[in-house]
Amino acid sequence: MPSDSRKEIFLHPGEWKFAGQEYIISTLLGSCVSIVMWHPQLLQGGMCHYLLARRSDSSDTLSGRYGDEAMLLLLRSALACGRPLKEFQVKLLGGATVLSHREGERSSNDVAARNVEMARQLARQLGLNVQAEDLGGTSPRMVVFDVQSGDVWVRLSQDGDTHDSLSAKTRKKA
């Protein structure tokens, strides 16, 4: 596929996208978490970017801002492919503690930790095939997901110059 036919989409907090191989999906994560799902035979996949593990009030409308609801939105699209969830490869990313705390002090409202736990809990409950995790830490992450290959590239924001090509300075996650 010629590179100029690829479509790039950037997910803002609360957004999600499920697409075919013509897409490259990216996002920037701090305490937020992304769940990436990819089907290696269909070359289709998706990513969500949620801010909070769950909402504190109820609503009749699903929102990608909350982990449990973002996962449902992503699952609907994945299941619409007609293939079982166990065939999808899943990667969990993000959940950095980007706000500083004094050493040894843990905030009672640790959003990042709650987001990480929600991603792991959802993966366990759904029996998802988690291939890789890059969770926690203190650095924000730039995440790029190539739906054609299933590759997910993660770049920590403190890895140097952000103007260099991603391929030169990133870590590839399995």
Side-chain angles (χ1 to χ4, degrees), residues 7-20 23-39 44-81 85-86 88-101 106-147 150-158 170-171 173-174:
K7 300 173 186 170
E8 295 182 25
I9 184 167
F10 183 86
L11 297 183
H12 296 278
E15 294 182 336
W16 64 278
K17 177 76 176 173
F18 194 90
Y23 277 89
I24 295 173
I25 305 170
S26 62
T27 195
L28 179 63
L29 301 170
S31 61
C32 299
V33 166
S34 279
I35 299 173
V36 175
M37 299 181 73
W38 182 68
H39 196 285
Q44 295 182 1
M47 177 194 292
C48 66
H49 176 158
Y50 66 86
L51 292 85
L52 299 170
R54 65 186 62 209
R55 75 170 71 217
S56 58
D57 57 352
S58 64
S59 174
D60 294 334
T61 306
L62 293 176
S63 170
R65 297 173 51 89
Y66 307 100
D68 52 347
E69 297 177 32
M71 189 70 211
L72 285 175
L73 292 166
L74 198 57
L75 285 177
R76 284 181 178 175
S77 294
L79 292 172
C81 295
L85 286 178
K86 67 180 180 183
F88 284 84
Q89 297 177 1
V90 175
K91 296 174 182 170
L92 309 176
L93 310 146
T97 303
V98 292
L99 299 176
S100 63
H101 298 285
R106 184 178 167 120
S107 169
S108 62
N109 190 19
D110 192 341
V111 172
R114 289 182 189 177
N115 284 341
V116 167
E117 180 51 35
M118 176 57 75
R120 289 178 172 152
Q121 179 183 349
L122 290 168
R124 277 190 311 271
Q125 288 175 342
L126 296 166
L128 298 178
N129 180 14
V130 177
Q131 299 284 304
E133 288 186 3
D134 188 31
L135 297 166
T138 56
S139 296
R141 293 166 173 86
M142 179 69 188
V143 177
V144 179
F145 169 40
D146 182 342
V147 179
D151 288 336
V152 175
W153 299 85
V154 178
R155 180 179 186 167
L156 299 179
S157 69
Q158 297 164 349
T170 55
R171 298 182 311 187
K173 305 309 289 182

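All heavy atoms count here, side chains included; hydrogens, waters and symmetry mates do not.
Considering all non-hydrogen atoms of both residues, A123 and V130 come closest at CB-CG2, 3.6 Å. Minimum interatomic distance between V111 and S31 (heavy atoms only, all atoms of both residues): CG1-OG, 4.1 Å. Here the closest heavy-atom approach between residue L51 and residue G14 is recorded as CD1-N, 3.3 Å. Here the closest heavy-atom approach between residue G94 and residue L29 is recorded as CA-CD1, 3.8 Å. Of all the heavy atoms in Q44 and G20, the pair that sits closest is CG-CA, 4.2 Å. The minimum heavy-atom distance linking A112 with A96 is given by the pair CB-O, 3.3 Å.
Interatomic distance, F18 CZ to R76 CZ, rounded to the nearest 0.5 Å: 14.0 Å. In this structure, E15 CD and I9 CD1 are separated by 7.0 Å, a value rounded to the nearest 0.5 Å. Expressed to the nearest 0.5 Å, how far CG of L92 lies from CG of L122 amounts to 9.0 Å. If you take CG on L75 and CD1 on I35, they are separated by 8.5 Å, rounding to the nearest 0.5 Å. The structure places OG1 of T27 at 8.0 Å from NE2 of H12, a figure rounded to the nearest 0.5 Å. To the nearest 0.5 Å, the span separating SG on C32 from CG on L11 amounts to 11.5 Å.
Proximity of a side-chain donor or acceptor of R55 to a complementary backbone N or O of E69 within less than 3.5 Å is not detected. A donor-acceptor contact shorter than 3.5 Å is absent between the side chain of Q89 and the backbone of W38. Between the side chain of Y50 and the main chain of N115, a donor-acceptor pair closer than 3.5 Å is present.
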Practice task
Show the numbers, then the answer: is there a side-chain contact (heavy atoms from CB on, under 4.5 Å) between M47 and V36?
Solution key: CA-CA 4 Å; M47 177 194 292; V36 175; 3.9 Å; yes
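More than 12 heavy atoms of other residues, nucleotides or ligands sit less than 6.0 Å from atom CG of D57.
You'll find the side chain of E133 reaches within 4.5 Å of the side chain of R120, heavy atoms only. Side-chain atoms of R114 and L52, non-hydrogen and from C-beta on, never get closer than 4.5 Å to each other. Side-chain contact check for H39 versus C81: every heavy-atom pair is 4.5 Å or farther apart. Side-chain contact check for V90 versus M37: some heavy-atom pair is nearer than 4.5 Å. The shortest side-chain heavy-atom distance between V143 and K91 does not fall under the 4.5 Å cut-off. Taking the side chain as every heavy atom from C-beta outward, L128 and M71 approach each other to under 4.5 Å.
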